[in-house]
Amino acid sequence: VDLDTAKQELEEFIPHVRNISDSSIRKMAGRDLARFKRFKKQGIAVKFGRFSEKENNQIRKNVEEFLSITGIDSAEKLLFTSRYPEHKETISRLKAEHLFCEKLSEGIPRPWRLIYYRARKIFDPNNYKGRYTKEEKEKLKKYHALHGNDWKKISEMMSRSNLSVAMKYSEIKSAINYGPWSKEETQKLMHAVEEVIRKRMDMEDANSLSSSEKNRDLLIEREKLYQKLPWTEIEAKVGTRYWRQCKQKWTTILTNKMTKGQQLYRGTKGLQAKINLIKRLYEMKAEDANEVNWEELSNTIGDVPRAYVQAKFYKLKVSCVPFWQKKTFSEIIDYLFEEKLPELEEKL
DNA sequence: GTAAAAGGTAAGGGTAATGCACTTTT
DNA sequence: CAAAAGTGCATTACCCTTACCTTTTA
């Protein structure tokens, strides 16, 4: 297959295809293009981002079915065949015979490889091990000193997934501060953010030579504050904090700036905000949390960053909805709308 | 005045996506 | 042999849940 044609055809399904490396495109051209076309005929669009609960369940179903067809006795053997060298040959043969790749990705409009990785996360016994204890962190540092970035090895030694240990190490490798931010740290963070936004604006101005209009330098527009920021770069500039801490701190700073310090989630205002939030969510009719347009929602509570609304929604869910962990997203929204909303309106 | 409900801030596990390399199949 | 399919792993940027307090409310 000619690469350019493949690119062109894929573009319909994967808009950012031009930024993807040739090797990755070749892979997708092979298996996924045909699948994507089939989905299109059924009117189903290719999806990105977090898998919905429905998709996760479909994966579970597909795996179970495949296991029962082939008689392989565990998902781990199927998805981590290399952990079972003595069974490798049999399993590989069964996979090929019964079209493993096709079966696994059945009914899920995504690139097969991503479905495969999702399945591996779901069924890896080393995943979902919860918080690291102090001892584990020490161990991790020690193992890294011994083996470097050989996460596979370290992961085996710690009974945690490759991803988990790699991530955790990157967080704890250099000493960072914990606890409340000092004045200096906060200042540093604000300067760092300002700097990267400035830089970006300069670049834009250089690109669009239509500097005819304004010197907007003085005023940093709202969206600029929201938009994606290069957090690792900011981490380096702040020096004492991990990027995740920086990002989180920035949203609280932003929230304060935008609300000018008034607490809009307290008292009557808070009630009204909750009511609006529930109503809007209900109207949206989203089946899964990742279908929600939080950006738009944030306007219903007030002028706040989206992360703020997401956090508020989470609190609401946890504190009001019994067994929320067992419920689907739409069930949660329905519950809030039917049970909690009247109660809140009463109080108003 | 007090317990509990609600709020705020920070911590932290887990996630999707992708490049590259190696192995097996066609 | 070359190309394609199948697999594994490191790396990056980010989402969502939870822990732990302080403040407010009933």
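Order of the sequence lines fixes the chain letters, A, B, ..., with proteins taken first and strands second; residue numbering starts at 1 for each chain.
Near-neighbour residues of DNA chain C inside residues 144-166 of chain A, defined by a heavy atom below 4.0 Å, number-ordered: A/Asn149, A/Asp150, A/Trp151, A/Lys152, A/Asn162, A/Leu163.
Residue A/Pro180 is classed as a sugar-phosphate contact, given heavy-atom separations below 4.0 Å to backbone atoms only. Note on A/Arg83: nothing from the nucleic acid sits closer than 4.0 angstrom, heavy atoms only. Using a 4.0 Å heavy-atom criterion, one finds that A/Ser170 contacts no nucleic acid atom at all.
Atom OH in A/Tyr178 sits roughly 15 Å away from atom P in C/dC20 (whole-Å rounding). Taking atom CG of residue A/Leu79 and atom C1' of nucleotide C/dC9, one finds them 16 Å apart after rounding to whole Å. Atoms CH2 (A/Trp112) and P (B/dA17) sit 15 Å apart, rounded to a whole Å. Taking atom CZ on A/Arg241 and atom P on B/dT9, their separation rounds to 14 Å, with Å as the unit. Atom C1' of nucleotide B/dT9 and atom NZ of A/Lys312 are separated by 10 Å, given to the nearest angstrom. Protein atom CH2 of A/Trp250 is 18 Å distant from nucleotide atom C1' of B/dA10, rounded to whole Å. In this structure, NZ of A/Lys47 is placed 16 Å from P of B/dT15, rounded to the nearest angstrom. Between A/Glu233 atom CD and C/dT12 atom C1' the separation is 14 Å, expressed in whole Å.
For the helix from B/dT2-C/dA26 to B/dT26-C/dA2, the end axes, each set by the C1' atoms of five terminal pairs, are bent relative to each other by 30° (nearest 10°).
Here the CE atom belonging to A/Met284 is positioned 15.0 Å from the NZ atom belonging to A/Lys279, to the nearest 0.5 angstrom.
Note on A/Tyr116: every side-chain N or O is 4.0 Å or more away from OP1 and OP2 of B/dA16. Using a 4.0 Å cut-off, no side-chain N or O of A/Lys249 falls inside it from OP1 or OP2 of B/dT9. The side chain of A/Lys134 places no N or O atom within less than 4.0 Å of a non-bridging phosphate oxygen (OP1 or OP2) of B/dG12.
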Step-by-step side-chain contact (heavy atoms from CB on, under 4.5 Å) determination, A/Ile278 to A/Leu344: CA-CA 10 Å; A/Ile278 295 174; A/Leu344 291 171; 3.8 Å; yes
task: Assess whether side-chain contact (heavy atoms from CB on, under 4.5 Å) is satisfied between A/Tyr242 and A/Tyr178, documenting all intermediate values.
output: CA-CA 9 Å; A/Tyr242 190 51; A/Tyr178 291 95; over 6 Å; no
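Salt bridge status for A/Glu55 with A/Arg110: present, with a side-chain N to carboxylate O gap under 4.0 Å. In this structure, A/Glu97 pairs ionically with A/Arg93, as a charged nitrogen and a carboxylate oxygen lie closer than 4.0 Å. The pair A/Glu233-A/Lys199 meets the salt-bridge criterion, since a charged nitrogen lies less than 4.0 angstrom from a carboxylate oxygen.
Here the side chain of A/Arg118 is nearest to one of B/dG12, B/dA16, C/dT7, namely B/dA16.
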Sequence neighbours left out, cut at 3.5 Å: what donor-acceptor pairs do the side chains of residues 328-341 of chain A make with other protein atoms?
residue, atom, partner, partner atom, Å
A/Thr328, OG1, A/Glu331, N, 3.2
A/Glu331, OE1, A/Thr328, N, 2.9
A/Lys340, NZ, A/Glu343, OE2, 3.0

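Membership of the apolar cluster around A/Phe39 extends to A/Ile44, as traced through chained side-chain contacts below 4.5 Å between ILVMFWY residues.
Classification of the A/Trp151-A/Tyr169 ring pair by plane angle, with boundaries at 30° and 60°, yields tilted.
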statement: The contact string for nucleotides 18-26 of chain B, one letter per nucleotide 5' to 3', using protein heavy atoms under 4.0 Å with B, S and - for base, sugar-phosphate only and none, comes out as BBB---S--
Dump every N/O contact between nucleotides 15-18 of chain C and the protein below 3.5 Å, one line per pair.
residue, atom, partner, partner atom, Å
C/dC15, OP2, A/Lys247, NZ, 2.6
C/dC16, OP2, A/Gln310, NE2, 2.6
C/dT17, OP1, A/Lys317, NZ, 3.4
C/dT17, OP2, A/Lys317, NZ, 3.4
C/dT18, OP2, A/Tyr314, OH, 2.7

